[in-house]
Amino acid sequence: MKQTRNGKPVVDLSRIAVIGEKLRQMADELILIFPERRHLIQQIIYALLTKEHVLVWGTYGTGKTDLLRTLFGVFRGARIFSIGFSKFMSEASIIGIPDPKRMREQGEVIYRRDGGILDADFAELDELFDSNAPLLRTLLGILNERQFKRGRQAEEAKLHTAVACTNGDPMEELKKHPELGAVVDRFLFQCRVEYLKSAESRRRMYAKFLTGERPSVSIDLDDLKYVSSIVVDANQITDPHFVEVYDELIGAYLKQIPTQVISDRRRCKLLQLVEANALLYGRYEVDFEDLMAIRWGLCTGYDDGQHDPFKAVADPIIAKAKETKKQNIDEVQLKLLAEFKLKIPPCPDSACSSDKLVELSRQLTKLRKDVSAVKPQLPSTEDEKKKMLASIDGIRETVRKLTEGV
C-alpha cells in the first residue's frame, strides 16, 4: 500500500464512503430478506472486511446455503467454491487432482489448482467436522496463511473469505475431539442458527421463497478487496490510550463470561474489526465507538446471553473514554438531525382538512429528503437517522391513508 511522508497510507475516502454505504445497504436488505439472521449477516460483513472466516452451526434446513449464495452473489466477478465434506475425502477434493503426466513422467505428485479452492474468492464449506484430520490440516494452511504446501509444490490461495457450516455445536465437538481447537479458533466469527420463531418471520420467508427476492445492490469484488486491504495492511490505530481502552473492554467482558476463553491470536485479530468499522462508515481514523464492533467476533452470534453483557460493560467504558478524549466526529451531523427532529410534525387525525394533508405531505417529503442527505460517520448517528426516517415514513403513511379517505 502506498505511503505518504508521515507514514500513513494514501486512501481514497470518497471511494471508501461509497463502498461502505453499499455494504450497509446490502446488510439492511439481507436482514429484511432473511429474517432472524441479523447476527450472522453482520458477522459475514465484518468477515468480508477483514478477510476472515465464519463458522455457522445449527439445525439442518435453516437456509444457510441460500443466504450465503445470495450474499456472495452481490459481488460482481467473484468465484465461489462449494463442497460438502466427508471422512473419505483427500486433498484433491479441494485443491484439484494430481497431474497424471507429471506423476507418470517425473514421479511427482503436483496438484492441478484449476476449479479448486485456491482460485476461489469465496468458499462454502459444508459439514466441516465430517472431514478427516489430514484434510483439515491442509485447510488450515489455506484459511490462515492463504497457502498450500506439499513437497516441492507451493501455491498461493486467492481465497478472501470462507464460511463453514456444520450441524454440530463446535463446543461439543471440542469436548470429544480437543485437537479441533486450532480449527475452531481459525474462525474469528461463529454463529448459531435455528428455525424461525415468529409468524412474521415465516411470512417473509415464504415471500422470499416464492419471489426469489435478492438484494438490489451490486458491489465490485475489487472494491471489497480495496477496503479489506486497508484493514489488513494499514495501521489505523496509533493511539496507545485507544489500545488500553480496548484491552480494558475485553477484560471487563470476560469477567462477565468467565467460562469464555479468548486466545492471544483472537485478541489481536479483533482489533481489525475496530478498523473495519471505521471504514464501513467512511472514516480512516477510528473512534472509541468503533469498539462496539468487536462483539461480532468476541460473542457468539445469535446468543444474546453474550451480547447483552458485552453491551452492559462496553457502554460506560466507551462513554468515559469519549468524554476524556472529547471525540465528536459526528457533531455536525447530530446537530443537523436534532434540528430536523424538531421539524417533524405531529401525526394528523381524521379531522385534518384535505388542504392541510397536502401541505403535510409536501413538508414530510422535503424533510425526508433532508434527513436522507445526512451522512453519519458513527453507528449511533446512523441509528438515530434510521429512527427519524421510520418516524417520518409512519406519518407519511397516515397522511396517505387520510388523503385517500378524503
Side-chain angles (χ1 to χ4, degrees), residues 18-49 54 56-84 120-127 160-165 167 189 191-221 223-224 280 296 301-302 364-365 368-369 372 382-383 385-387 389-401 403-404:
V18 171
I19 298 169
E21 188 172 2
K22 286 184 177 181
L23 286 169
R24 300 201 308 273
Q25 179 185 344
M26 178 183 75
D28 289 341
E29 292 184 12
L30 286 170
I31 288 168
L32 288 175
I33 297 171
F34 294 95
E36 299 184 26
R37 299 289 181 261
R38 182 176 67 87
H39 282 201
L40 175 57
I41 292 167
Q42 292 286 10
Q43 286 180 305
I44 297 177
I45 296 296
Y46 285 101
L48 292 171
L49 286 168
V54 188
V56 188
W57 78 94
T59 314
Y60 60 87
T62 50
K64 299 186 289 289
T65 300
D66 188 20
L67 190 158
L68 292 180
R69 293 185 179 177
T70 300
L71 190 153
F72 289 153
V74 168
F75 298 94
R76 294 189 295 270
R79 292 185 179 184
I80 302 172
F81 175 80
S82 181
I83 192 172
D121 300 295
F122 304 128
E124 303 171 6
L125 311 174
D126 199 21
E127 293 305 334
H160 188 96
T161 293
V163 180
C165 300
N167 291 332
F189 304 91
C191 186
R192 185 181 79 247
V193 294
E194 298 176 341
Y195 292 139
L196 301 182
K197 291 181 170 57
S198 75
E200 171 62 19
S201 294
R202 291 192 293 273
R203 184 194 65 77
R204 285 160 55 191
M205 176 184 67
Y206 300 145
K208 191 272 175 191
F209 177 78
L210 292 171
T211 63
E213 187 177 4
R214 293 287 186 271
S216 62
V217 65
S218 181
I219 303 172
D220 281 332
L221 180 63
D223 283 339
L224 174 64
L280 187 60
W296 297 113
Y302 212 84
L364 289 166
T365 299
R368 195 186 196 288
K369 182 178 179 181
S372 297
E382 178 79 7
D383 290 342
K385 174 183 173 180
K386 288 180 179 179
K387 290 177 184 176
L389 289 174
S391 177
I392 293 171
D393 289 341
I395 300 173
R396 290 179 74 192
E397 180 63 15
T398 300
V399 170
R400 184 188 66 78
K401 291 179 179 178
T403 301
E404 291 178 352

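Side-chain atoms are counted along with the backbone in the values below, which use heavy atoms only and exclude waters and symmetry mates.
Closest approach of Cys165 and Lys64 over heavy atoms only: CB-CE, 3.9 Å. Nearest approach of Ile33 to Pro215, heavy atoms of both residues: CD1-N, 3.7 Å. Closest non-hydrogen pair, Leu40 versus Val193, comes out as CD2-CG1, 4.0 Å. Shortest non-hydrogen contact noted between Ser372 and Leu389 is OG-CD2, 3.7 Å. Arg214 approaches Lys208 most closely through the heavy-atom pair NH1-NZ, 3.1 Å. Here the shortest heavy-atom pairing between Ala120 and Phe81 reads CB-CB, 3.5 Å.
For Arg400 and Glu397, the salt-bridge test passes: some basic side-chain N is under 4.0 Å from an acidic carboxylate O. Contact check on Glu124 versus Arg69 returns a salt bridge, with a Lys/Arg side-chain nitrogen under 4.0 Å from an Asp/Glu carboxylate oxygen. A salt bridge does not link Glu382 to Lys385: none of the charged nitrogens lies less than 4.0 Å from a carboxylate oxygen.
Remark: Leu48 CG to Thr161 OG1 distance equals 4.5 Å, nearest 0.5 Å. Rounded to the nearest 0.5 angstrom, Leu221 CG and Phe122 CZ are separated by 5.5 Å. Atom CE in Met26 sits 10.5 Å away from atom OG in Ser218 (nearest 0.5 Å). In this structure, Leu67 CG and Leu30 CG are separated by 6.5 Å, a value rounded to the nearest 0.5 Å. Taking CZ of Phe189 as the start and CD of Gln42 as the end, the distance is 11.0 Å to the nearest 0.5 Å. Once rounded to the nearest 0.5 Å, the distance linking CD of Glu194 with CH2 of Trp57 reads 10.0 Å.
With contacts defined as side-chain heavy-atom distances shorter than 4.5 Å, the pair Phe72/His160 does not qualify. Counting only heavy atoms from C-beta outward, the side chains of Leu224 and Asp121 never approach each other to under 4.5 Å. Counting only heavy atoms from C-beta outward, the side chains of Ser82 and Asp126 never approach each other to under 4.5 Å. Using a 4.5 Å heavy-atom cutoff, the side chains of Val163 and Leu71 are not in contact. Leu196 has its side chain out of reach of Arg204: every pair of non-hydrogen atoms, C-beta onward, lies at least 4.5 Å apart. Side-chain contact check for Val74 versus Val217: some heavy-atom pair is nearer than 4.5 Å. Contact of the Thr62 side chain with the Arg37 side chain is registered, since non-hydrogen atoms from C-beta on lie closer than 4.5 Å. Contact of the Ile44 side chain with the Leu68 side chain is registered, since non-hydrogen atoms from C-beta on lie closer than 4.5 Å.
Judged by distance alone, with hydrogens and angles left aside, the side-chain atoms of Thr70 form a donor-acceptor pair with the main-chain N or O of Asp66 at under 3.5 Å. Checking side-chain atoms of Ser201 against main-chain N and O of Lys197 turns up no donor-acceptor pair under 3.5 Å. Side chain of Glu36 to main chain of Ser198: a donor-acceptor pair is present (N/O by atom type, distance under 3.5 Å, no hydrogens or angles). In this structure, the side chain of Arg24 engages the main chain of Leu280 through a donor-acceptor pair within 3.5 Å.
By the 30° and 60° cut-offs, the orientation of the rings of Tyr46 relative to Trp296 is parallel.
Around CZ of Arg79, the count of heavy atoms belonging to other residues, nucleotides or ligands within 6.0 Å does not exceed 12. Atom CZ of Phe209 is surrounded by 12 or fewer heavy atoms from other residues, nucleotides or ligands within 6.0 Å.
Glu29 and Gln25 are linked by a side-chain donor-acceptor pair at a separation below 3.5 angstrom, with hydrogens and angles left out of the test.
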Stepwise side chain to side chain contact (heavy atoms under 4.5 Å, CB included) test for Val18 and Asp223: CA-CA 10 Å; Val18 171; Asp223 283 339; over 6 Å; no

Verdict with reasoning, Asp220 to Arg76, per salt bridge (Lys or Arg N to Asp or Glu O under 4.0 Å): CA-CA 5 Å; Asp220 281 332; Arg76 294 189 295 270; 2.7 Å; yes

